[in-house]
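Naming convention: chains lettered A, B, ... in sequence-line order (proteins, then strands); numbering from 1 in each chain.
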Protein chains: 2
Amino acid sequence: MNTGQNRKTERRRKEQLARRRAILAAAREVFFARGFMDATIDDIANRCGLAKGTIYLYFKSKEDLYISIMAEGMGRLRRTFEVLKVHPPGDRGLVEKAFRAYYGFYLKNRKYFRIMFLSNQPDVRARAPQELLMRCMDTGRECMTIVRDLVQEGMEHGYYRKVDPWAVANILWASINGIIMAYEHDPIYREEIVGIDLEKMMMYSLDLVMEGLRMKK
Amino acid sequence: MNTGQNRKTERRRKEQLARRRAILAAAREVFFARGFMDATIDDIANRCGLAKGTIYLYFKSKEDLYISIMAEGMGRLRRTFEVLKVHPPGDRGLVEKAFRAYYGFYLKNRKYFRIMFLSNQPDVRARAPQELLMRCMDTGRECMTIVRDLVQEGMEHGYYRKVDPWAVANILWASINGIIMAYEHDPIYREEIVGIDLEKMMMYSLDLVMEGLRMKK
DNA sequence: TCATATAATGACTCTCAGTCATTATATGAA
DNA sequence: TTCATATAATGACTGAGAGTCATTATATGA
């Protein structure tokens, strides 16, 4: 009989998963506080009470850890977007809702964005596990698919003019990212010199795109 | 008399400037080829035939060098935009031209964009000379001012609806950056999975914004 | 020609990612 | 329970690279 054996190996797996989660939690704190370059593996190891070598039993590299945190963020994002799939038929303003959902996600999860932006750099990507990166991109694509379907639906109801919903979804996404990036890197300068706060800029951008989308009578 | 003295110290200054330029040229090559993280100062020093220590006589840190290259890029960008200031009065499509100018600049100067994106990361910024960063941002702002004036002009001619030209300029800028960022990080994946190439995406985005801007009869 | 100021050098220090031989722990058989 | 074996954790160690600084070379001017 191998129930005892199974129970034990299962307990072990549970412990390993717990340790993995502990490492991730520590990594999240450290990366959020210091950013990728200033974070150290020793720092992460100390914070979860493990030796440095142990970290490398669970993750291949610093980049692996970093992208794992990004993957976490992408998962959160997908959950945020999945809520949008459920809505009364013929609902107006679906695209506005998607826009606001993404902006709201940003406000609640700012720290993940810095990671997403840095992960665009080829040197970081090159050292990260390819399969993990792919998973992140797929999750992003799923989110975009949801937005595309909302554009499509509004279009079919005649609320928006005839457009390529996939292109529009990508452009919406990219525009918001661009604005966030601009404000992220030096909020004080932005607010003072640009003189428009992020909230206003976002709403202005939303207005502009919606005006571009709207079906003209 | 101190003409001789002056001539000599001036020659020295010229030599120093030449050396500075040589270092920058080497740094540009190395950063373009390897990116910030994978570039080494030894690499840059070897490439311009100087010792590592000499580099530090001319630049305070790796970040100083990096941001200096960015400043170079910002200067190029400004020159690109300044051309737009000269145009026949009542010219239609000024904003399109600005959009295309920025996109064209990207096509010719791709490598600078990776630097601009990475420079948004607080850890890089923190170690860079503050005054140099400020100069870059000011140059960026000047470019944006040019775009704002073009929007303003088109608005006053009644080509565009009543908008905040400054906000529109910022949004245009940010949107293009967002799209570039999306395509920059993994062009192969993008083209294959998204199925829309950068050129088309840009033109689609331009179309959407212009539709949002256009004065409705 | 020599004294002094200025610039260049590269060996050195320090930090940190990643490794691996050693140590500890868990498992399963006798 | 006791021992043998497999699995996991450890942290001292290695290698690489940013930045420093005592030493060396060069330029200037008397």
Could you give the [atom1]-to-[atom2] distance, from [X] to [N], as a whole number of Å?
| X | N | atom1 | atom2 | value |
| --- | --- | --- | --- | --- |
| B:Tyr56 | C:dA7 | OH | P | 19 Å |
| A:Asp42 | D:dT10 | CG | C1' | 13 Å |
| A:Phe59 | C:dT19 | CZ | C1' | 18 Å |
| A:Asp43 | C:dC16 | CG | P | 9 Å |
| B:Leu65 | D:dG17 | CG | P | 16 Å |
| B:Asn46 | D:dA18 | CG | P | 12 Å |
| B:Lys62 | D:dG17 | NZ | P | 9 Å |
| A:Met37 | D:dA18 | CE | P | 12 Å |

Subject >> Given B:Ile69, B:Ile115, B:Thr139, B:Ile67, the one that forms side-chain contact (heavy atoms from CB on, under 4.5 Å) with B:Met74 >> reply: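 Among the candidates, only B:Thr139 passes.
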
Original post:
Mind checking whether A:Phe31 and A:Tyr66 have parallel, tilted or perpendicular rings, split at 30° and 60°?
Top reply: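 It falls in the perpendicular class, over 60°.
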
Subject >> Nearest-nucleotide 5' precedence on DNA chain D, B:Ser61 against A:Ile55 >> reply: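 That would be A:Ile55.
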
Original post:
Is the A:Tyr102 to A:Phe113 ring centre distance short of 6.0 Å?
Top reply: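 A:Tyr102 vs A:Phe113: aromatic centres under 6.0 Å.
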
In Watson-Crick or G-U wobble terms, both distances under 3.5 Å, what is the partner of [N]?
| N | answer |
| --- | --- |
| C:dT9 | D:dA22 |
| C:dC14 | D:dG17 |
| D:dG29 | C:dC2 |

Phosphate OP1/OP2 of [N] contacted by [X] side-chain N/O (<4.0 Å):
| X | N | answer |
| --- | --- | --- |
| B:Arg19 | C:dA8 | yes |
| A:Thr40 | C:dC16 | no |
| A:Lys52 | D:dG11 | no |

Original post:
Checking all strands, does A:Ala39 fall into the base, sugar-phosphate, or nothing category for heavy-atom contacts under 4.0 angstrom?
Top reply: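 Counting heavy atoms under 4.0 Å across all strands, the contact made by A:Ala39 is with sugar-phosphate only.
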
**OP:** Have a look at A:Ile41 and say if it touches a base, only the backbone sugar-phosphate, or nothing, with a 4.0 Å heavy-atom cut-off.
**Re:**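 Sugar-phosphate contact only - A:Ile41 comes under 4.0 Å of backbone atoms but never of a base.
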
**OP:** Dump the intermediate steps for salt bridge (Lys or Arg N to Asp or Glu O under 4.0 Å) on B:Arg135 and B:Asp138, then the final yes or no.
**Re:** CA-CA 5 Å; B:Arg135 246 176 32 224; B:Asp138 285 347; over 6 Å; no

**OP:** Hey, which sits more toward the 5' end of DNA chain C by its nearest nucleotide, A:Glu15 or B:Tyr58?
**Re:**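 Closest to the 5' end, via its nearest nucleotide, is B:Tyr58.
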
Original post:
Any side-chain donor paired with an acceptor under 3.5 Å for B:Glu184 and B:Tyr106?
Top reply: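 Side-chain D/A pair, B:Glu184 to B:Tyr106: present.
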
